[in-house]
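Worksheet for the structure shown next.
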Amino acid sequence: MKSMLRTMKADIVYASEGRVRFRCGQLAFEKRDEKRIEQELLGYEYITDVKAAAANGGILVMYEGDNQSLITDIIRQLDVESLTADESEPSLAAEIDEKFKGDLTRLIVKRIVHKFLIPPSLRPIITVIKGAKYILNALGELLTMNINVDVLDGASVTACLAQKDYKTAGSVMFMLSVSSLLESYTKEKAKAALTESLMIKTDKLWRVDEDGERLVPTSELKAGDCVRIRTGSMIPVDGEIVSGQAEVNEASMTGEAVPDSKTEGSSVFAGTVIENGSIVVRIRALSADTRISQIAELISRSESLKSQLQSRAEVLADSIVPYSFMGFFAALLLTGNVNRAVSLLMVDFSCAIKLSVPISVISAIREAADHDITVKGGKYLEEYAMADTIVFDKTGTLTNTEPKLTAVVPFGDYEEDEVLKIAACIEEHFPHSVARAIVNAASERGITHAEEHTEVIYIVAHGIATNLYGKRAVIGSRHFVAEDEGVIISHEQQRVIDETASGSSVIYLAIGGELAGALCISDPPRSEAKSVITEIKKQGFESVVMLTGDSRGAAEHTAQLLGIDDYRYQVLPENKHGCISKLRAEGRRVVMVGDGINDSPALAEANVSAAMSDASDIAKETADITLRSCDLYELVRLRILSRRLMKRINDNYRFILAFNSALMALGFFGVITPSFSALLHNGSTIAICAKSMTPLLDEELNT
């Protein structure tokens with residue numbers, strides 16, 4: 001079928017200011033066309049971001065100005081086949097698809113050759129040789145006193161061979177091989193999707209040389225160069241510390257959550273995170289050479305994070321195996337018919353349970369990854385499905401990822417531009433949406449800010465401090481500047497700030513113990529935030545809570561706009577952690593959604609946590625779920641996906657128990673033969689596993 005959007009009807013399924021979704025229908029374009037479409041549309045200056053999804057023919061466009069009608073015309077006239085081909089190397093997922101097809105084809109060909117081309121006199125010998133593998137595996141498990149599915153498989157093959165029923169033995173082994181191949185394929189696909197989703201690229205780093213510190217593209221760096229990495233940032237290289245000290249969280253490499261103290265001469269590794277401190281690292285290997293191995297370790301670790309439901313399924317699966325043997329011996333005693341008894345042995349509840357549950361979970365994680373949501377383990381999907389309370393950090397989460405500076409209020413001998421220059425110079429070192437607003441405002445006004453201060457120190461949960469012209473300079477919230485640093489803010493100064501701010505967030509700057517100025521940051525809610533809050537409530541969240549360090553007025557204003565009844569203002573980061581602890585103590589199952597370094601304690605305390613796409617590296621590392629797009633609707637999609645996953649697993653349970661019980665009854669009464677029982681059992685197992693791989697989100701939700 002030709003991949004041409006001009007032949008498809010591109011319907012607008014959602015539109016708001018600066019954002020529009022189109023649905024072109026399934027098969028409108030292919031997976032390989034997604035990047036080509038995105039690159040083509042991003043060529044228009046008023047289009048800021050594009051996400052194309054071949055699974056449902058959906059295209060999400062973010063744009064500036066009043067250009068929706070132009071974008072609609074462009075998409076409806078777009079000819080995908082005429083676009084420049086994507087010459088990138090085949091993805092890991094595509095390679096896995098090809099390998100699976102080849103392995104499955106070889107398996108089927110071998111079965112056909114064995115059944116039709118091998119001389120009848122040789123078939124029993126080959127079948128016995130193949131069966132030896134299953135029998136030896138079963139004996140190995142028995143020697144360790146494990147009665148599990150391997151023992152049942154071995155017993156089934158042994159029973160068939162003992163009766164010289166080589167045809168049934170061959171069918172059983174073929175079905176088991178296909179089931180194993182299917183399980184391996186699904187897991188590898190999930191790993192590939194997760195690996196690609198967790199690839200983190202650092203575009204720029206602070207290079208340190210004889211000329212000082214300069215922000216340079218990562219592509220310009222080479223082994224032997226020195227770079228500075230500060231609090232809250234992920235280390236993107238392997239290297240050795242040449243100066244400074246830091247507490248480094250190496251959980252992604254070692255699984256140990258306790259930060260490790262690193263000083264001069266210590267080695268650091270890509271993918272680890274600086275929780276506190278600042279270091280200069282001499283590069284030994286760049287991220288392109290180190291990140292893949294770190295990701296592989298993270299993926300392996302994530303597979304151990306099973307949901308409680310999955311763990312219970314595995315325990316249940318193994319506990320059922322002895323009952324299959326009991327059924328075998330009972331049938332043998334009551335009927336005296338070996339075939340009837342073997343028919344019961346052919347039915348294995350545990351096989352389907354053990355396969356379908358993890359495949360369902362891994363497929364759900366893969367589907368989440370396809371929708372730009374990284375989930376670090378199955379247990380987090382279960383927690384997200386069961387949660388009844390969701391807590392949002394306000395700034396950068398419910399509000400725009402790029403807030404704007406609306407006003408600068410100078411005090412004392414400082415001018416407005418001077419206050420902005422100093423603030424931008426200090427803030428540029430730390431990844432936060434408010435910091436970016438200040439730095440961008442200075443850039444827009446043409447204000448340059450050379451490094452005139454000493455090393456800046458991010459005081460986690462408070463603000464930033466440095467020395468400027470021999471005086472201590474601090475910038476942050478009122479609590480940090482006035483209460484922690486003891487800077488006096490007069491009633492008259494506060495009155496001027498409040499009148500200017502008019503509901504905006506306020507950042508205070510003090511130099512030498514005196515207030516130098518205040519910066520007002522406009523932090524309007526995201527365009528989709530209100531409707532997301534409404535949908536979240538519909539999806540079973542009983543309580544929606546907003547936490548913010550802003551003033552009561554700013555918090556109340558945002559809460560009213562979004563329809564949030566429960567909000568907490570002037571909340572310090574350590575108190576965010578306390579809020580989560582209190583909710584959990586009340587018996588709530590809590591989701592925490594945040595983006596900043598100071599949200600990390602609260603993210604870690606929640607039952608399950610989510611970080612936004614532009615969150616700090618430490619927040620992403622702490623969070624159990626990461627949204628890789630700037631779209632809050634992903635939280636709704638993930639809720640629907642996780643709840644449907646739980647329903648699918650429970651539906652699978654019921655089907656497996658009912659279908660296999662019926663097979664055992666039919667075998668006991670001699671209605672079906674052992675061969676046919678094995679065929680139906682293994683066929684149903686493959687079918688339910690295949691069903692477990694299908695998407696949980698329908699087309700409407702995908703768009």
Side-chain angles (χ1 to χ4, degrees), residues 392-427 430 432-445 447 461-464 473-511 514-526 529-530 546-562 564 567-573 575-576 595-596 598:
F392 288 95
D393 170 61
K394 171 180 169 283
T395 304
T397 303
L398 287 174
T399 57
N400 285 329
T401 55
E402 292 298 332
K404 302 292 184 182
L405 179 75
T406 56
V408 178
V409 184
F411 293 106
D413 297 330
Y414 294 93
E415 298 293 331
E416 181 176 320
D417 282 358
E418 189 176 9
V419 170
L420 180 56
K421 171 186 173 182
I422 295 170
C425 191
I426 298 173
E427 289 280 10
F430 296 95
H432 191 275
S433 55
V434 171
R436 287 194 295 271
I438 294 171
V439 173
N440 291 340
S443 176
E444 290 169 2
R445 296 189 188 187
I447 297 174
H462 293 280
I464 303 174
V474 296
I475 187 169
S477 66
R478 178 185 169 87
H479 173 85
F480 171 53
V481 173
E483 298 181 27
D484 292 351
E485 293 291 326
V487 176
I488 297 175
I489 301 175
S490 69
H491 292 296
E492 178 60 22
Q493 287 174 327
Q494 190 61 55
R495 184 188 64 79
V496 173
I497 292 171
D498 291 341
E499 288 179 354
T500 306
S502 185
S504 297
S505 302
V506 179
I507 302 297
Y508 295 80
L509 172 68
I511 302 173
E514 296 183 356
L515 186 66
L519 301 99
C520 304
I521 309 294
S522 175
D523 203 17
R526 295 173 184 263
K530 184 174 182 179
M546 183 183 76
L547 304 180
T548 179
D550 289 346
S551 65
R552 177 175 182 173
E556 184 176 14
H557 177 69
T558 301
Q560 287 177 347
L561 287 176
L562 299 180
I564 298 175
Y567 60 91
R568 323 284 170 88
Y569 55 91
Q570 292 183 342
V571 180
L572 296 176
N575 292 339
K576 290 182 182 180
D595 76 320
N598 55 11

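The model shown is predicted, which means the values in this text are computed figures rather than measured ones. Just so it is clear, the values below take in all heavy atoms, side chains as well, and ignore hydrogens, waters and symmetry mates.
I426 contributes atom CD1, which lies 6.0 Å from atom CG of L509 (distance to the nearest 0.5 angstrom). Atoms CD1 and SG, from I507 and C520 in turn, are 9.5 Å apart once rounded to the nearest 0.5 Å. Here the CG atom belonging to D498 is positioned 12.0 Å from the NE2 atom belonging to H491, to the nearest 0.5 angstrom. Considering CD of Q560 and NZ of K530, their distance stands at 10.5 Å, rounded to 0.5 Å. The CZ atom of F411 lies 13.0 Å from the CD1 atom of I511; values are rounded to the nearest 0.5 Å. Atom SG of residue C425 and atom CD1 of residue I475 lie 10.5 Å apart, to the nearest 0.5 angstrom.
Summarising the geometry of A442 relative to A424, their closest heavy-atom pair is CB-CB, 3.7 Å, with the distance given to 0.1 Å. Nearest heavy-atom pair across A516 and V419 is O-CG2, 3.4 Å. When all heavy atoms of L562 and A529 are compared, the closest pair comes out as CD2-CB, 3.6 Å.
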(request) I would like to know whether Y508 and L515 meet side-chain contact (heavy atoms from CB on, under 4.5 Å); could you show each step before the answer? (result) CA-CA 7 Å; Y508 295 80; L515 186 66; 4.0 Å; yes
(message) Checking Y414 against I422 for the side-chain contact (heavy atoms from CB on, under 4.5 Å) test, could you report, in this order, the C-alpha distance in whole Å, the side-chain angles of both residues, the deciding distance, and whether it holds?
(response) CA-CA 10 Å; Y414 294 93; I422 295 170; 4.2 Å; yes
(request) Carefully, step by step, assess T406 and I521 under the rule side-chain contact (heavy atoms from CB on, under 4.5 Å). (result) CA-CA 6 Å; T406 56; I521 309 294; over 6 Å; no
(message) Quick one, K576 with D393, criterion side-chain contact (heavy atoms from CB on, under 4.5 Å). Give me CA distance, side-chain angles, the key distance, then yes/no.
(response) CA-CA 9 Å; K576 290 182 182 180; D393 170 61; 2.8 Å; yes
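In terms of the side chain to side chain donor-acceptor pair (under 3.5 Å) criterion, residue partners of E499 (sequence neighbours excluded) are, by chain and number, R495. Legend: residues meeting side-chain contact (heavy atoms from CB on, under 4.5 Å) with D417, ordered by chain and number and at least two apart, are R445, I447. Scored by the side chain to side chain donor-acceptor pair (under 3.5 Å) test, T397 finds no partners at all (sequence neighbours excluded).
With T399 contributing its side chain and K394 its backbone, the two residues share a donor-acceptor pair below 3.5 Å. In this structure a side-chain-to-backbone donor-acceptor pair under 3.5 Å is present from T500 to V496. Remark: the backbone N or O of A555 is not paired with any side-chain donor or acceptor of T548 at under 3.5 angstrom. In terms of modelled atom types and a separation under 3.5 Å, the side chain of N440 and the main chain of R436 share a donor-acceptor contact. At least one donor-acceptor pair closer than 3.5 Å links the side chain of Q493 to the backbone N or O of S490. In this structure, R526 contributes its side chain and L398 its backbone to no donor-acceptor pair below 3.5 Å.
Considering only heavy atoms from C-beta on, L405 comes within 4.5 Å of L420 through its side chain. Between Y569 and E556, the closest side-chain pair of non-hydrogen atoms is not below 4.5 Å. A heavy-atom distance below 4.5 Å is found between the side chains of I464 and E427. Contact annotation: the side chain of F392 never approaches that of L547 to less than 4.5 Å [non-hydrogen atoms, C-beta and beyond].
Side chain to side chain, R478 and Q494 meet the donor-acceptor criterion of an N or O pair below 3.5 Å.
Heavy atoms from other residues, nucleotides or ligands lying under 6.0 Å from CD of E416 number more than 12.
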